[in-house]
Engineer: 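After the structure tokens below, expect a handful of questions from me.
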Amino acid sequence: MTGPRLRIAPSPTGYFHVGGARTALFNWALARQLGGTFVLRIEDTDTERNRPEWTQGIIDALAWLGISADDPHFEGPYLQSSYTAQHIAAALQLVESGNAYYCDVSAAEIEARNQQAVDAGSIAQGYGGWSRDRNLGPGPDRVVRFRVPEGTTVVRDVVRGDVEFDNSLIEDFVLLRGNGAPVFMLANVVDDMHMKISHVMRAEEHLSNTPKQQLLWEALGEQPPVWAHLPLLVNEQRKKISKRRDKVALEQYRAEGFLPDAMVNYLMTLGWTPKGPEVQPWEQMESDFRLEDVHLSPAFFDVRKLAAFNGDYIRMLSAGEFLEASRPYLLGPDAGFPADRFDESKFLAIAGHVQPRCITLADAPGVVDFLFLADPVIDADSWAKVFSGAQATAVLRGAISAYESLPDWNADALKSALEVIGAANELKLGKAQAPVRVAITGRAVGPPLFEAIEVLGREESMRRLRKAEAALD
RNA sequence: GCCCCCAUCGUCUAGUGGCCUAGGACACCACCCUUUCAAGGUGGCGGCACGGGUUCGAAUCCCGUUGGGGGUGCCA
């Protein structure tokens, strides 16, 4: 695969979240559109917080979104921890070239010094380049720090334009820890370099650190990549969404019955605007996406809008697709009816009426449960309300006798028969259907009644009607 | 504190100096359709943060203010 090389570099410290997914999607779209490569690199250098199972979680989440290792544009996953030797070599190379130096000042000492300064009424200076010219060699607990050069660093960002940083405000940051382990700033750059990454597209939180990385690229003698910083995804409080305080795990949305296509489509609208209708196929977005069109301001991750997208996508499904997508919910422990009573053909017959009543796939069982329950769960309030009407009993009895002798058991015939009974009781169909609905489904609301009765079948429907009648006495 | 980024309806946004009495989507409200509930249709509510410039003309360009956010780690 030739062409540009993009990447995402998540760290396996928890569930993959929607922000990471949005970044992945943007990178994926561009990589595919340009015939380039999408690299997945797991940045697992923080041994304190990493967990191996999260790595698989990231891979699964990406696959769910359609970013799959089977695609020729996909490369990886690479584990950053397996390139430690290269990171260290790069740090030593920088020491060699005078761009980095050893330092024996501990974090605690720096803090103490800052505290002293504050106590004395002056301003904390931070590290302050203490060991810059001490010419220290390697030793236990000695870190390697980058020697930030004088001048200014201009980050050429495709979405934000040129951003200028005064180098004197950037501290001599650590490259290798006291224990010899590389830190993110170094590892990230060295890996991008070795993996020949041409475009670094990531969230805006990294913008302030970008001059450091660019300086590293330059000190290592390479051209920095194209930078592109995406607007942050924020919560209602306008703060960066985080695993700690917000519901952001992709896995959770998946479990709740969101369709991957809906999630993908919605995520693509956060930080970029599709041309034409906002609900549109991936292929369209993939070919229209342009870095230059990426927005500058943060976007609120709005679950209600996601839900609207999901409803749209559910309605676009064929009955068969809807069945397959809903199956885990239909046969799961929360379905509300025993799995062995589920009947695919009945579900398929009524699916078209179920879809517009679902926001998530998890809603499906609740719409059709009465079809698969031995007896519908009678909602007491609905029953009480419906049968408080004087004509309700008459309508129910009328329906029973009319339906007993109905030649063809189909929705049209069922409807016509009830219209006649309603008319005899001076009721419009809307009112007349209520007692029958409660008797058949247990509720006052649900999918179209006569279609449901047709699917339920003559025998079971008559049994429920008679049972309801008996309960009235 | 310092550095950086951002600023159009409640939210996501269209808008790149005249086409804008600012358009769409979600949410909300009303009406229509109707076999309940949805879905769908129609309509409504609602916005260029503020102050200065530049210009014949500014949502669009410049400056400032205010507000929000991010970064500033031997986390990533």
Side-chain angles (χ1 to χ4, degrees), chain A residues 9-13 43-46 48-50 80 103 105-108 110 118 123-124 126-127 141-145 155 157 160 163-166 168-171 173-185 187-188 203-212 229 231-232 234 236-240 266 269-275 277-279 295-302 304-309 311-312 315 353-359 363 367 382 386 411 414-415 418-419 422 428-434 436-438 441 443-452:
Chain A
S11 56
T13 54
E43 303 219 321
D44 56 347
T45 50
D46 182 355
E48 298 282 300
R49 298 193 302 159
N50 287 330
Q80 182 162 73
C103 171
V105 184
S106 72
I110 295 170
V118 171
I123 301 159
Y127 167 63
D141 292 329
R142 289 188 180 174
V143 300
V144 172
R145 286 182 181 272
V155 172
D157 186 294
R160 269 150 227 280
V163 185
E164 209 173 296
F165 296 86
D166 182 348
S168 69
L169 269 8
I170 303 172
E171 282 201 329
F173 51 96
V174 171
L175 263 21
L176 295 184
R177 300 185 174 97
N179 64 8
V183 302
F184 156 77
M185 202 63 70
N188 185 270
E204 198 211 301
E205 56 194 312
H206 293 284
L207 181 58
S208 293
N209 284 324
T210 305
K212 296 183 190 171
H229 289 91
L232 248 24
V234 297
E236 241 160 337
Q237 286 75 241
R238 300 255 115 205
K239 295 206 190 305
K240 180 171 82 166
Y266 176 58
T269 69
L270 263 22
W272 178 71
T273 307
K275 313 205 176 322
E278 61 182 0
V279 173
H295 307 151
L296 300 173
S297 33
F300 169 48
F301 181 81
D302 186 353
R304 288 192 302 177
K305 184 121 184 187
L306 205 215
F309 272 69
D312 281 346
R315 272 168 248 130
H353 295 299
V354 180
Q355 286 166 260
R357 272 157 262 259
C358 293
I359 291 300
D363 294 333
V367 181
S382 299
V386 164
L414 291 158
K415 179 185 176 188
L418 197 68
E419 271 170 341
K428 286 186 179 172
L429 191 54
K431 286 280 184 193
Q433 57 96 44
V436 178
R437 177 180 292 280
V438 174
T441 73
R443 298 193 193 96
V445 300
L449 180 60
F450 306 110
E451 288 76 357

Engineer: With the side chain counted from C-beta on, respond yes when A/Leu296 and A/Glu204 share a heavy-atom pair under 4.5 Å apart, and no when they do not.
Structural biologist: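 Not in contact.
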Engineer: Which nucleotide, if any, forms a Watson-Crick or G-U wobble pair with B/U72, using both distances under 3.5 Å?
Structural biologist: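 The answer is B/G1, by the H-bond criterion.
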Engineer: With 3.5 Å as the limit, what N/O pairs link the protein to nucleotides 36-40 of chain B?
Structural biologist:
unit_1: B/U36; atom_1: O4'; unit_2: A/Gln433; atom_2: NE2; d: 3.0
unit_1: B/U36; atom_1: O2'; unit_2: A/Ala444; atom_2: O; d: 3.2
unit_1: B/U36; atom_1: N1; unit_2: A/Arg437; atom_2: NH2; d: 3.4
unit_1: B/U36; atom_1: O2; unit_2: A/Gly446; atom_2: N; d: 2.8
unit_1: B/U36; atom_1: O2; unit_2: A/Gly446; atom_2: O; d: 3.2
unit_1: B/U36; atom_1: N3; unit_2: A/Arg437; atom_2: NH2; d: 3.1
unit_1: B/U36; atom_1: N3; unit_2: A/Gly446; atom_2: O; d: 2.4
unit_1: B/U36; atom_1: O4; unit_2: A/Gly446; atom_2: O; d: 3.3
unit_1: B/U36; atom_1: O4; unit_2: A/Pro448; atom_2: N; d: 3.0
unit_1: B/C37; atom_1: O2; unit_2: A/Arg357; atom_2: NH1; d: 2.8
unit_1: B/C37; atom_1: O2; unit_2: A/Gly446; atom_2: O; d: 3.4
unit_1: B/C37; atom_1: N3; unit_2: A/Arg357; atom_2: NH1; d: 2.1
unit_1: B/C37; atom_1: N4; unit_2: A/Arg357; atom_2: NH1; d: 3.4
unit_1: B/A38; atom_1: O2'; unit_2: A/Pro356; atom_2: O; d: 2.5
unit_1: B/A39; atom_1: O3'; unit_2: A/Arg315; atom_2: NH1; d: 3.4
unit_1: B/G40; atom_1: OP1; unit_2: A/Arg315; atom_2: NH1; d: 3.3

Engineer: Say you draw a straight line from CG of A/Leu429 to NZ of A/Lys415; how long is it, rounded to the nearest 0.5 Å?
Structural biologist: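 Going from CG on A/Leu429 over to NZ on A/Lys415, the span is 6.5 Å.
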Engineer: Identify whether any heavy atom of A/Glu419 sits under 4.0 Å from a base atom; if not, whether one sits that close to sugar-phosphate; answer base, sugar-phosphate or nothing.
Structural biologist: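 Here A/Glu419 touches no strand at all.
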Engineer: Taking a pair as Watson-Crick or G-U wobble with both distances under 3.5 Å, which nucleotide is matched to B/G40?
Structural biologist: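 Base-paired to B/C32.
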Engineer: Among B/U11, B/G10, B/U35, which is the nearest nucleotide to the side chain of A/Arg238?
Structural biologist: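 The closest nucleotide is B/U11.
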Engineer: Can you see if the side chain of A/Thr45 gets near the phosphate of B/A76 - specifically, an N or O under 4.0 Å from OP1 or OP2?
Structural biologist: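 It does, given that an N or O in the side chain of A/Thr45 lies less than 4.0 Å from OP1 or OP2 of B/A76.
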Engineer: Can you tell me how far CZ of A/Arg437 sits from CZ of A/Phe450, rounded to the nearest 0.5 angstrom?
Structural biologist: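 Those atoms lie 8.0 Å apart.
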Engineer: What nucleic acid atoms does A/Val354 come within less than 4.0 Å of, heavy atoms only: base, sugar-phosphate, or nothing?
Structural biologist: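 It contacts nothing in the nucleic acid.
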Engineer: For the pair made of CD in A/Gln237 and P in B/G10, what is the distance, rounded to whole Å?
Structural biologist: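 Value for this atom pair: 17 Å.
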Engineer: Going by the rule ring pair (Phe, Tyr, Trp, His ring centres under 6.0 Å), which residues pair with A/Phe173 if we only count those two or more places apart in sequence or in a different chain?
Structural biologist: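 Listed in chain order: A/Phe146.
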Engineer: Looking at B/A25, which nucleotide sits across from it as a Watson-Crick or G-U wobble partner, both distances under 3.5 angstrom, or is there none?
Structural biologist: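 B/U11 - that is the nucleotide pairing with B/A25, both distances being under 3.5 Å.
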Engineer: The side chain of A/Phe450 lies closest to which of these nucleotides: B/U35, B/G10, B/G69?
Structural biologist: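 My answer, after comparing the listed nucleotides, is B/U35.
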Engineer: In whole Å, what separates the P atom of B/C48 from that of B/C31?
Structural biologist: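 B/C48 and B/C31 have their P atoms separated by 29 Å.
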Engineer: State, with a plain yes or no, whether a side-chain heavy atom of A/Arg177 is found less than 4.5 Å away from one of A/Val183.
Structural biologist: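 A side-chain contact under 4.5 Å exists here.
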Engineer: How long is the gap from CG on A/Leu232 to NZ on A/Lys240, to the nearest 0.5 Å?
Structural biologist: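 If I round to the nearest 0.5 Å, the distance is 6.5 Å.
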Engineer: Is there side-chain contact between A/His229 and A/Val163, with heavy atoms separated by less than 4.5 Å?
Structural biologist: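 A side-chain contact is absent here, since even the closest heavy-atom pair is not under 4.5 Å.
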Engineer: Counting only N and O atoms by type, is there a donor-acceptor contact under 3.5 Å from the side chain of A/Tyr266 to the main-chain atoms of A/Asp302?
Structural biologist: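 The answer is yes, because a donor-acceptor pair under 3.5 Å joins these two groups.
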Engineer: Using modelled atom types only, decide if a donor and an acceptor are shared between the side chain of A/Arg238 and the backbone of A/Val234 within a distance under 3.5 Å.
Structural biologist: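 No, because the side chain of A/Arg238 does not come within donor-acceptor range (under 3.5 Å) of the backbone of A/Val234.
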Engineer: Would you jot down, in residue-number order, the residues of residues 203-210 of chain A having a non-hydrogen atom under 4.0 Å from RNA chain B?
Structural biologist: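 Only A/Glu204, A/Glu205, A/His206, A/Leu207, A/Ser208, A/Asn209 qualify.
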Engineer: Could you pull out the closest heavy-atom pair between A/Pro448 and A/His353, with the gap in Å?
Structural biologist: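 That closest heavy-atom pairing would be CG-ND1, 3.5 Å.
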Engineer: With heavy atoms under 4.0 Å as the rule, sort A/Lys431 into base, sugar-phosphate or nothing.
Structural biologist: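 No contact.
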Engineer: Output the single nucleotide from B/C12, B/A14, B/A76 whose closest atom is nearest the side chain of A/Lys305.
Structural biologist: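 The closest nucleotide is B/C12.
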Engineer: Please give, in whole Å, the distance from B/A14 P to A/Trp272 CH2?
Structural biologist: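 One finds 11 Å between P of B/A14 and CH2 of A/Trp272, rounded.
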Engineer: Report yes if a side-chain nitrogen or oxygen of A/Lys240 is closer than 4.0 Å to either non-bridging phosphate oxygen (OP1 or OP2) of B/G71; otherwise report no.
Structural biologist: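 So the side-chain polar atoms of A/Lys240 do come within 4.0 Å of the phosphate oxygens OP1 or OP2 of B/G71, strictly under.
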Engineer: So what does A/Gly180 hit on the nucleic acid, given a heavy-atom distance under 4.0 Å: a base, only sugar-phosphate, or nothing?
Structural biologist: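 It contacts nothing in the nucleic acid.
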Engineer: Searching all strands shown, indicate the nucleotide that pairs with B/U55 (Watson-Crick or G-U wobble; both distances under 3.5 Å).
Structural biologist: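 By the stated definition (distances under 3.5 Å), nothing pairs with B/U55.
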Engineer: With nearest nucleotides of RNA chain B determined for A/Ala308 and A/Ser11 from heavy-atom distances, which residue corresponds to the more 5′ nucleotide?
Structural biologist: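 Checking each residue's closest nucleotide, the 5'-ward one belongs to A/Ala308.
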Engineer: Can you sort out the partners of A/Lys305 under side chain to side chain donor-acceptor pair (under 3.5 Å), two or more places apart, ordered by chain and number?
Structural biologist: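 Partners of A/Lys305 under the side chain to side chain donor-acceptor pair (under 3.5 Å) test: A/Glu278.
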Engineer: Would you classify A/Val163 as touching base, sugar-phosphate or nothing, given that sugar-phosphate means primed atoms plus P, OP1 and OP2, and contacts are heavy atoms under 4.0 Å?
Structural biologist: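 If one applies the 4.0 Å heavy-atom cut-off, A/Val163 turns out to touch the sugar-phosphate alone, with no base involved.
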Engineer: CZ of A/Phe300 versus P of B/C9: gap in Å, rounded?
Structural biologist: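 Nearest whole value for this atom pair: 15 Å.
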Engineer: With heavy atoms under 4.0 Å as the rule, sort A/Arg443 into base, sugar-phosphate or nothing.
Structural biologist: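 Touches nothing.
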Engineer: Side-chain contact test, heavy atoms from C-beta onward, threshold under 4.5 Å: evaluate it for A/Pro447 versus A/Val367 and give yes or no.
Structural biologist: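 Yes, close enough: below the 4.5 Å cut-off.
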Engineer: Can you measure A/Glu236 atom CD to B/C12 atom P for me and round it to whole angstrom units?
Structural biologist: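 A/Glu236 atom CD is separated from B/C12 atom P by 11 Å.
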Engineer: Are there any protein N/O atoms within less than 3.5 Å of an N/O atom in nucleotides 61-66 of chain B, and if so, which ones and at what distance?
Structural biologist:
none

Engineer: Using a 4.0 Å heavy-atom cut-off across all strands, classify A/Ala299 as base, sugar-phosphate, or nothing.
Structural biologist: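 Sugar-phosphate, no base atom in range.
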Engineer: Take the protein atom CZ of A/Phe184 and the nucleotide atom C1' of B/U72, then report the distance between them rounded to whole Å.
Structural biologist: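 These atoms are roughly 14 Å apart.
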Engineer: Does OP1 or OP2 of B/U35 have a side-chain N or O of A/Lys415 closer than 4.0 Å?
Structural biologist: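 The answer is yes; a side-chain N or O of A/Lys415 sits under 4.0 Å from OP1 or OP2.
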Engineer: Would you check if the side chain of A/Ser11 reaches a backbone N or O of A/Thr13 as a donor-acceptor pair within less than 3.5 Å?
Structural biologist: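 Checked: no pair found.
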Engineer: Heavy atoms only, 4.0 Å cut-off, all strands: where does A/Phe165 land among base, sugar-phosphate and nothing?
Structural biologist: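 The answer is sugar-phosphate, as A/Phe165 gets under 4.0 Å only of primed atoms, P, OP1 or OP2.
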Engineer: Rounding to the closest angstrom, what is the interatomic distance between B/A14 and B/C29 at atom P?
Structural biologist: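 Comparing P positions in B/A14 and B/C29 gives a spacing of 27 Å.
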Engineer: Between A/Cys103 and A/Ala411, which has a closest nucleotide on RNA chain B that is more 5'?
Structural biologist: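 It is A/Ala411, whose closest nucleotide lies nearer the 5' terminus.
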Engineer: Base, sugar-phosphate, or nothing: which does A/Glu451 touch, judged by heavy atoms less than 4.0 Å apart?
Structural biologist: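 Base, at least one base atom sits under 4.0 Å.
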Engineer: With respect to the side chain of A/Leu169, which nucleotide from B/C3, B/A7, B/C5 is positioned closest?
Structural biologist: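 Of the candidates, B/C3 comes closest.
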Engineer: Identify each atom pair where a protein N or O and an N or O of nucleotides 43-48 of chain B are less than 3.5 Å apart, giving names and distance.
Structural biologist:
none

Engineer: Tell me whether the OP1 or OP2 atom of B/C6 has a side-chain N or O from A/His295 closer than 4.0 Å.
Structural biologist: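 Answer no for this pair, as no side-chain N or O of A/His295 is under 4.0 Å from OP1 or OP2.
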